[in-house]
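Comments concern the structure below.
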Amino acid sequence: MKDLLDRPLFSLTGREFLELQKAAQQPIATPESKTEKYVYGLGGLARHLGCSTNTAGRIKRSGIIDKAITQIGRTIVVDADLVLQLAQTTQPFNRRKA
């Protein structure tokens, strides 16, 4: 197989060409994507939630996700999985109250 990859395409036989096509169509095993257990800071929380840092700060201050946040001084550590669970089970976050 490796020697087929080193040869020019015009010098392959039909059978060799089909062999290469079959090999290219087989899925390549990729390692499992690592999901982070924790995100750090308001920037990390904003990236995880897909919002701006200002919105992430408002959500943090609202108390919706307090169970997922640990803050020591200025360091904010957020449990990524728990934040998503809490965000799904609570009411949508609205800045304005009707």
Side-chain angles (χ1 to χ4, degrees):
M1 179 62 124
K2 186 163 178 112
D3 62 331
L4 292 179
L5 293 174
D6 295 332
R7 291 176 45 194
L9 186 61
F10 67 87
S11 69
L12 296 178
T13 65
R15 184 170 309 212
E16 291 170 336
F17 181 71
L18 290 175
E19 229 178 273
L20 278 177
Q21 275 189 325
K22 285 181 186 175
Q25 289 176 353
Q26 293 175 354
I28 298 172
T30 57
E32 294 180 20
S33 62
K34 294 181 181 178
T35 56
E36 295 182 19
K37 174 72 173 146
Y38 298 103
V39 291
Y40 300 92
L42 285 178
L45 179 61
R47 279 189 300 277
H48 190 64
L49 295 176
C51 62
S52 69
T53 53
N54 288 337
T55 303
R58 284 197 303 260
I59 292 170
K60 177 187 169 293
R61 283 192 306 270
S62 73
I64 293 172
I65 57 172
D66 278 350
K67 293 179 184 176
I69 294 176
T70 303
Q71 183 168 355
I72 301 170
R74 293 181 60 166
T75 305
I76 299 170
V77 181
V78 182
D79 185 341
D81 297 331
L82 187 56
V83 142
L84 292 178
Q85 289 175 0
L86 291 172
Q88 288 174 352
T89 59
T90 58
Q91 295 290 327
F93 180 74
N94 291 325
R95 192 168 63 175
R96 296 181 188 172
K97 296 185 180 182

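Computed from a prediction, not measured in an experiment: that's the story for all the values here.
The CD1 atom of I59 sits 11.0 Å away from atom CG of N54, with the distance rounded to the nearest 0.5 Å. Rounded to the nearest 0.5 Å, atoms CG (D81) and OH (Y38) are 9.5 Å apart. A distance of 8.0 Å separates OG1 of T70 from CG of D79, quoted to the nearest 0.5 Å. Between L20 atom CG and K22 atom NZ the span is 11.5 Å, to the nearest 0.5 Å. I65 contributes atom CD1, which lies 8.0 Å from atom NZ of K60 (distance to the nearest 0.5 angstrom).
A donor-acceptor pair is defined here as one N or O able to donate and one able to accept, closer than 3.5 Å; such a pair exists between the side chain of Q71 and the backbone of G73. Side-chain atoms of H48 come within 3.5 Å of backbone atoms of A80 as a donor-acceptor pair (strictly under, hydrogens ignored).
Both I76 and L86 are assigned to one and the same hydrophobic cluster, defined by single-linkage of ILVMFWY side chains at heavy-atom distances under 4.5 Å. Side-chain heavy atoms closer than 4.5 Å link hydrophobic residues (I, L, V, M, F, W, Y) into clusters, and following such links, even through other members, never connects V77 to L45. A chain of hydrophobic side-chain contacts below 4.5 Å, direct or via other Ile, Leu, Val, Met, Phe, Trp or Tyr residues, connects F17 to L5.
Taking both residues in full, the closest heavy atoms of C51 and A56 are given as SG-N, 3.9 Å, listed atom of the first, atom of the second, then distance. Here the closest heavy-atom approach between residue L42 and residue T53 is recorded as O-CG2, 4.3 Å. Taking both residues in full, the closest heavy atoms of L82 and K67 are given as CD2-O, 3.6 Å, listed atom of the first, atom of the second, then distance.
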Tell me, with the steps shown, if L18 and Q21 meet side-chain contact (heavy atoms from CB on, under 4.5 Å).
CA-CA 5 Å; L18 290 175; Q21 275 189 325; 3.5 Å; yes
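Within a 6.0 Å radius of CZ in R7, other residues, nucleotides and ligands contribute more than 12 heavy atoms.
Side-chain contact between L84 and L49 is present, with at least one heavy-atom pair separated by less than 4.5 Å.
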